[in-house]
Every structure is written in C-alpha cells, then in structure tokens.
Amino acid sequence: MPRIAYFGPSGTFTEMALAELESSGAFEGRVERIAAPSQGGALELVRCGDTDGAVVPIESSVEGSISSTLDSLAAGARLQIVAETELAVSFTIVANPGVGLADVRTLAAYPVAAAQVREWVARELPTAQPFTSASNAAAAEDVVAGHADAAVSTALAGARLGLTTLASGVADVEQAVTRFVLVTRPRVAPAPTGADRTSIVLQLTNEPGSLMRAFAEFATRGIDLTRIESRPTRTGLGTYRFYLDCVGHIDDAPVAEALKALHRTARIRFLGSWAATSSTGTPPPSDEAGAQWLTQLRKGVADL
C-alpha cells in the first residue's frame, strides 16, 4: 500500500484532494495517509523516502499560488508533479457545542482561509479577534484546545472533533477553486493526453533581456504560457526564480525544443508534465508535418 503524505492534520481540504485522487485511480488501490504539519514537511517526507508521494495545494483561484509549496519544490532534491486535482472551496465556521455566533470573541483561521472569508467575517463577526492556525483542520483543533471560540475550518474537521456548525458554505468569492498536486520522486512523466500541463522553475542570468529571451523560446514555438510568477531566491535582494506553467507535455516536440533551448542559457528545474484537470489555454502546434519534411530531406528526396 503506497504511503502518501498530505498537508494535515486530518480534515484539511488537502486530505479531501488526496481522497479525490484516490477515487479517480491515481494510485493502485487504497493508500496509507500520512499527515504532515506543512506543505514543505509533506514534500520532505517524499525526499527522504519515508513516503511514496505527497499531495499539497499549489494554487488558489482567489489568493493565487501557494508560496510555501513553490519554494519547497524549488529547493532541495528535485521532486516531480505527476497528477493534479481541483476542489471547489468554501468554509465551515465551527465552535464547541453551546457556542453561538454572538458568543464568538476569537476566531481561529489558517491565513489562506482567512483571506478568502475576510468580507464575511467583517460583516458577521466584526469584533472577533483573529487567531492564526497552522491549517484549516488545525483551526478546529485550536477551538477544542480553548485557543479560540470558533474556527474557519472544514465540515470534515468539525465532524471529526464533535464541533457544531455556526455557518456553512462561507466564501467571499463564489466558485472559488484550489488546485492540488501529487508529487513523487523523479520518474518518467505520465503519457501525454493532449490536455496537459508542464511546469518549470527558471533561474536566469542577471543581465538585460534574459527574461525576454526566455519567454521568446515559448512564443516562437506557439506555446501558451498559463502562469508566470517570480519568487525571491532568499540569497539577496534582486535575485529571483521564475515559475512557469505552459500548455503541453515534455513529449510534445515544441515543448521539448523550448526546454532544450532554455537549458543552454539558464538554470532550469523541470517540475513535471501531467494531465491538467481543466483546460487553461491552447495546446502547442503539431510538429508532425515538419518532422516528416525533415525526414525526407535527410533521405535525400529531391523534390519537396
């Protein structure tokens, strides 16, 4: 039975994403779930061989990329994304039995969750003091421990701990979605499906035009970039890594050519090619006609 780490404790949206991947056939049968205290902690369990993989959040449609996940993927031994899933995200406000909304003086929340319910809290709990929790499920545990009167959490965590629901379906933005990825040690990428995502990290030389030239490797080949983000390397001011997602697979000729060209001039970390859950752009153009033309040239065909 594969051991799969996830950003815990039990009851987080990440555990729900792991369950979704499990039911969709991402693994051969059931898995042993291993809770980790952070995204980086889950990925380190994969690096050291304690688990076979990890599920972590990587992007929110409301708050953008999850910086702790990106930083952990860029540092240390290389890991590889092999699958993804998306979950619609809304929150449940939970409290100990007997506590009502009018009784809430302190509200526990994971920072990403707090940002997604800011307007609701200002309207419904304007005097509640915030308490920062380590995760959505940990927020519910903080209520049980007496650190807060209520928590922005999940229905799963509330039910697991015997808490009551004060409000459900809480979200400032309707149809909010979070994307989660399954990460393993490096291996052969899953076969292309025609609706794939490829992700890399670039560290460029600090000279004029280096970023433009990197982007041109994709643009000239008709490759659709769907995410461009910079994060500091933490080695000094003005030094950044660039995280790029594109439509396509490493087995697609245009994508492979772009990666080879970038490797000649930049430090590049391949984070993986895998089937995208939802379509986000235009697939790269087919190279089949050009490849056949070149083959004929090499064979010495006189008239093309």
Side-chain angles (χ1 to χ4, degrees), residues 5 21 26 39-40 42-49 51-59 65-85 179-205 210-211 213-234 239-277 280-285 287:
L21 287 165
Q39 293 93 326
L43 295 175
E44 283 305 312
L45 289 174
V46 183
R47 285 193 174 100
C48 69
T51 64
D52 301 292
V55 175
V56 289
I58 197 168
E59 185 178 14
S65 298
I66 311 299
S67 57
S68 54
T69 297
L70 296 183
D71 291 343
S72 296
L73 287 170
R78 186 175 78 85
L79 297 174
Q80 189 168 328
I81 301 170
V82 297
E84 69 174 36
T85 191
R179 186 161 60 93
F180 300 83
V181 291
L182 171 60
V183 182
T184 69
R185 288 181 289 280
R187 68 190 205 190
V188 175
T193 65
D196 304 295
R197 191 191 313 274
T198 292
S199 185
I200 62 172
V201 184
L202 280 180
Q203 193 160 340
L204 302 169
T205 55
S210 60
L211 183 58
R213 289 191 294 271
F215 288 165
E217 300 294 355
F218 295 95
T220 57
R221 295 174 173 88
I223 300 171
D224 193 352
L225 289 174
T226 57
R227 185 170 65 93
I228 304 169
E229 186 165 354
S230 63
R231 291 282 302 157
T233 63
R234 300 184 176 183
T239 59
Y240 294 89
R241 296 185 183 97
F242 295 89
Y243 297 79
L244 307 179
D245 284 3
C246 71
V247 180
H249 193 280
I250 193 173
D251 288 344
D252 295 330
V255 175
E257 290 170 0
L259 297 184
K260 286 190 292 184
L262 289 168
H263 184 262
R264 289 195 291 268
T265 60
R267 292 178 59 187
I268 178 172
R269 169 166 284 197
F270 175 65
L271 294 183
S273 291
W274 65 95
T277 302
T280 56
T282 304
D287 190 53

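For clarity, every value in this text was computed on a predicted model and none was experimentally measured.
For the residue pair Ala5 and Ala42, the shortest heavy atom distance occurs at CB-O, 3.9 Å. Heavy atoms only, all atoms of each residue included: Glu229 and Ser65 are closest at OE1-OG, 2.5 Å. In this structure, Ala75 and Arg47 approach most closely via the heavy-atom pair O-NH2, 2.6 Å. Gly194 and Pro283 make their closest contact through O-CG, 4.2 Å (heavy atoms, listed as atom of the first residue, atom of the second, distance). Pairing each heavy atom of Arg269 with each of Ala74, the nearest pair is NH1-O, 3.2 Å. Closest of all the heavy-atom pairs between Leu79 and Pro186 is CA-CD, 4.5 Å.
In summary, of the residues considered (Cys48, Ser72, Ser68), a side-chain contact (heavy atoms from CB on, under 4.5 Å) with Leu43 occurs for Ser72 alone.
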List the steps, then state whether side-chain contact (heavy atoms from CB on, under 4.5 Å) holds for Asp52 with Thr184. CA-CA 6 Å; Asp52 301 292; Thr184 69; over 6 Å; no

Evaluate the criterion side-chain contact (heavy atoms from CB on, under 4.5 Å) for residue pair Val247 and Thr282; output intermediate values, then yes/no. CA-CA 7 Å; Val247 180; Thr282 304; over 6 Å; no

Would Leu73 and Val56 count as a side-chain contact (heavy atoms from CB on, under 4.5 Å) if you check the C-alpha gap in whole Å, the side-chain angles of each, and the deciding distance to 0.1 Å? CA-CA 11 Å; Leu73 287 170; Val56 289; 5.9 Å; no

Give the C-alpha distance, both sets of side-chain angles, the deciding distance and a yes or no for side-chain contact (heavy atoms from CB on, under 4.5 Å) between Thr69 and Val183. CA-CA 11 Å; Thr69 297; Val183 182; over 6 Å; no

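There is a side-chain donor-acceptor pair under 3.5 Å between Thr239 and Thr233.
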Please output the side-chain donor-acceptor pairs of residues 254-265 that fall under 3.5 Å, not counting sequence neighbours, one pair per line with the distance.
none

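Within the structure, salt bridge (Lys or Arg N to Asp or Glu O under 4.0 Å) contacts touching residues 190-202 (residues at least two apart or in different chains) are Glu84-Arg197. Judged as a salt bridge (Lys or Arg N to Asp or Glu O under 4.0 Å), the pairs with a partner in residues 244-256 (not counting sequence neighbours) are, in order, Arg179-Asp245, Arg227-Asp245.
Leu202 CG to Ile200 CD1: the interatomic distance, rounded to the nearest 0.5 Å, is 4.0 Å. To the nearest 0.5 Å, atom CZ of residue Arg231 and atom OH of residue Tyr240 are 10.0 Å apart. Note that the CD1 atom of Ile228 and the CZ atom of Phe215 stand 4.0 Å from one another [nearest 0.5 Å].
Side chain of Gln80 to main chain of Arg187: a donor-acceptor pair is present (N/O by atom type, distance under 3.5 Å, no hydrogens or angles). Of the possible donor and acceptor atoms, none in the side chain of Thr85 sits under 3.5 Å from a partner among the backbone N and O of Phe180. Between the Thr198 side chain and the Cys246 main chain, no donor and acceptor come within less than 3.5 Å of each other. Between the Arg78 side chain and the Leu271 main chain, no donor and acceptor come within less than 3.5 Å of each other. Under a 3.5 Å cut-off, the side chain of Arg267 and the backbone N or O of Gln203 do not form any donor-acceptor pair.
Using a 4.0 Å cut-off between charged side-chain N and carboxylate O, Arg213 and Glu217 make no salt bridge.
When side chains are defined from C-beta on, Pro284 does not count as touching Arg221, because their heavy atoms never get closer than 4.5 Å. Annotation: side chain of Phe218 is in contact with side chain of Leu244 (closest heavy-atom distance under 4.5 Å).
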